[in-house]
Amino acid sequence: MSNIIQNKYMPDYVSPPGETLAEILEDREMSQAELAERMGRPKKTINEIIKGKAEITVTTALELERVLGTSARFWNEREWRYRESLARRKENDHLREQASSLKNFPYKKMIEFNWIDSYTDKAEQLKELLRFFAVASLEQLEQYSTKNLAVDFRKSQTLESDPFALIAWLRQGEIQASKIECNNYDKDKFKQALKKIRSLTTESIQVSQPEMVRLCAEAGVILVFTPQLPKARVSGATRWLTPNKALLQISDRYKKNDHFWFSFFHEAGHILLHGKRDTFIDLEKEEKNDKEKEADTFSANFLIDPNNWEDFLKSHPCRSDMISQFAKEIGIAPGIVVGRLQREHILDWSYSNELKESVCWS
């Protein structure tokens, strides 16, 4: 991840412009009292400017220009640089106090994934993390996450997901989405896109992945593939970036094609069936709410028509050749059929796994 800002020299400290003013007065053998008289200002004001206690205002800069011949722009820039330097020092001190918060985030893995740059200074690393999230402070990050992504840092999610890893994964999806051109959402076009994508289940992921992204974007859905972060325990997420653009984000948590395709169509189901104000995050949960169950049903039925499924079950499928033949007839990958048989406890989890294919996307 390139970062132009870090390549520019940024001094830790800039001397107050009053020091420059004092040097000019010394060179000209002019006292503070004389300068104050020439400017029509109290001597105390000049003294406080020299000591850095008072700011050089725009008006003061213009007066200094007339009296000393040094441009007002020079004084304004010196004052601005000095005040910025003070603000940065204060901010860095605050960040150093918060540097222990770094351990909450999987920032080393984020560096490995090239999501953020690496810094030896903990305050700078925390600042880089805030730049990644595009927030001014950790407090703002917590508020934004709770309000917009339904992720509460203070709520225990030990069994589901580490909230800090989860919010980083979701943010990376937003960054990826910003680089993809996308039409406005069209429900009918998205349905047609999903039909075409279903036929891609028989292709390798290297073939299907770019085509999936293209088809979704044409229908107003941004599809991104985001690597899994440790402890995030998320397989997918769906949310609306704007009223006209949805984001469908998939992780590589599950490595087999049955899980991959089920997760994709599950998230697609949320887009078609549910409101634009909701954020859906597919985590490890023992119990699912009604909308999650609806998305599960949509995914299962879209991949395999219910009537075809019922007819298939009547044949008491237990052999890999029967499964492969059925998958060929309905035009999907046989691993998807195996996965459904296993989830519905019709087939033992150890049977026919040779029909499942590994998914390793770029």
Side-chain angles (χ1 to χ4, degrees), residues 1-102 105 116-148 171 174-175 178:
M1 179 179 177
S2 64
N3 191 322
I4 298 175
I5 296 176
Q6 74 161 8
N7 294 325
K8 292 184 177 180
Y9 174 67
M10 189 67 69
D12 292 333
Y13 177 73
V14 177
S15 63
E19 289 187 7
T20 304
L21 178 59
E23 291 173 0
I24 292 175
L25 293 179
E26 184 178 354
D27 289 342
R28 299 189 181 190
E29 298 182 351
M30 181 185 296
S31 67
Q32 294 182 29
E34 182 181 350
L35 176 64
E37 183 179 359
R38 288 176 179 272
M39 292 176 63
R41 296 294 189 95
K43 180 182 175 181
K44 180 181 178 183
T45 300
I46 302 302
N47 184 258
E48 288 182 342
I49 288 175
I50 288 176
K51 291 182 177 180
K53 294 181 179 180
E55 296 184 27
I56 296 178
T57 65
V58 174
T59 300
T60 303
L62 290 171
E63 292 173 353
L64 288 171
E65 180 181 75
R66 287 192 292 271
V67 174
L68 300 176
T70 310
S71 72
R73 176 176 295 181
F74 169 79
W75 293 113
N76 288 327
E77 288 183 353
R78 284 285 283 114
E79 182 64 38
W80 178 82
R81 289 176 183 273
Y82 176 62
R83 297 301 163 184
E84 182 192 32
S85 173
L86 292 181
R88 286 187 181 277
R89 291 179 66 188
K90 184 178 180 180
E91 178 191 58
N92 286 337
D93 289 343
H94 181 60
L95 289 173
R96 287 189 178 89
E97 292 174 358
Q98 293 185 315
S100 60
S101 300
L102 268 175
F105 295 90
I116 59 175
D117 290 325
S118 177
Y119 292 85
T120 54
D121 183 85
K122 296 300 182 183
E124 286 299 320
Q125 191 65 69
L126 182 56
K127 192 184 299 183
E128 169 72 353
L129 199 64
L130 294 176
R131 280 196 290 264
F132 170 80
F133 287 113
V135 294
S137 66
L138 289 173
E139 293 78 12
Q140 291 304 120
L141 175 59
E142 181 176 347
Q143 291 180 25
Y144 175 83
S145 302
T146 302
K147 178 181 178 181
N148 296 285
R171 171 57 183 160
E174 295 176 351
I175 294 173
S178 68

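Note: hydrogens, waters and symmetry copies are ignored here, and every other heavy atom, side chains too, is used. These numbers come from a predicted model, not from an experiment.
Side chain of N76 to main chain of A72: a donor-acceptor pair is present (N/O by atom type, distance under 3.5 Å, no hydrogens or angles). Between the side chain of E124 and the main chain of Y119, no donor-acceptor pair closer than 3.5 Å is present. A donor-acceptor distance shorter than 3.5 angstrom exists from the side chain of R28 to the backbone of L68, with no hydrogens or angles considered. At least one donor-acceptor pair under 3.5 Å links the side chain of R78 to the backbone N or O of S15.
Taking the side chain as every heavy atom from C-beta outward, K51 and E48 never approach each other to under 4.5 Å. Residues L102 and Q125 have side chains in contact (heavy-atom distance under 4.5 Å, counting atoms from C-beta outward). By the 4.5 Å heavy-atom criterion applied to side chains, D121 and N92 are not counted as neighbours. Between L138 and L126, some side-chain heavy-atom pair lies under the 4.5 Å cut-off. When side chains are defined from C-beta on, K122 does not count as touching L95, because their heavy atoms never get closer than 4.5 Å. Here the side chains of P16 and K53 are not in contact, with every heavy-atom distance at 4.5 Å or above. Counting only heavy atoms from C-beta outward, the side chains of T70 and L64 never approach each other to under 4.5 Å.
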Would R81 and E77 count as a salt bridge (Lys or Arg N to Asp or Glu O under 4.0 Å) here? Give the steps. CA-CA 6 Å; R81 289 176 183 273; E77 288 183 353; 5.1 Å; no
Evaluate side-chain contact (heavy atoms from CB on, under 4.5 Å) for D93 paired with R96, printing each intermediate quantity in order. CA-CA 5 Å; D93 289 343; R96 287 189 178 89; 4.0 Å; yes
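For the residue pair Q140 and V135, the shortest heavy atom distance occurs at CB-CB, 4.3 Å. The shortest non-hydrogen separation linking T59 to R41 is CG2-NH2, 4.1 Å. For W75 against A61, the heavy-atom pair with the smallest separation is CB-CB, 3.9 Å.
Between atom CZ of residue F74 and atom OG1 of residue T20 there is a gap of 5.0 Å, rounded to the nearest 0.5 Å. With rounding to the nearest 0.5 Å, the separation of CE in M39 from CD1 in I46 is 4.5 Å. Rounding to the nearest 0.5 angstrom, the gap separating the CD atom in E23 from the CD1 atom in I50 is 10.5 Å. If you take CG on D117 and CD on E128, they are separated by 4.5 Å, rounding to the nearest 0.5 Å. For the atom pair OH of Y144 and OG1 of T146, the computed distance is 11.5 Å after rounding to the nearest 0.5 Å. If you take CZ on F105 and CZ on F133, they are separated by 5.0 Å, rounding to the nearest 0.5 Å.
Remark: E91 engages K127 in a salt bridge (charged side-chain N to carboxylate O under 4.0 Å, His left out) (not counting sequence neighbours). Evaluation of the salt bridge (charged side-chain N to carboxylate O under 4.0 Å, His left out) rule for R171 yields E174 as partners, not counting sequence neighbours.
Within 6.0 Å of the CD atom in E139, the count of heavy atoms belonging to other residues, nucleotides or ligands exceeds 12.
The residues R38 and E34 are annotated as salt-bridged, a charged nitrogen and a carboxylate oxygen being separated by less than 4.0 angstrom.
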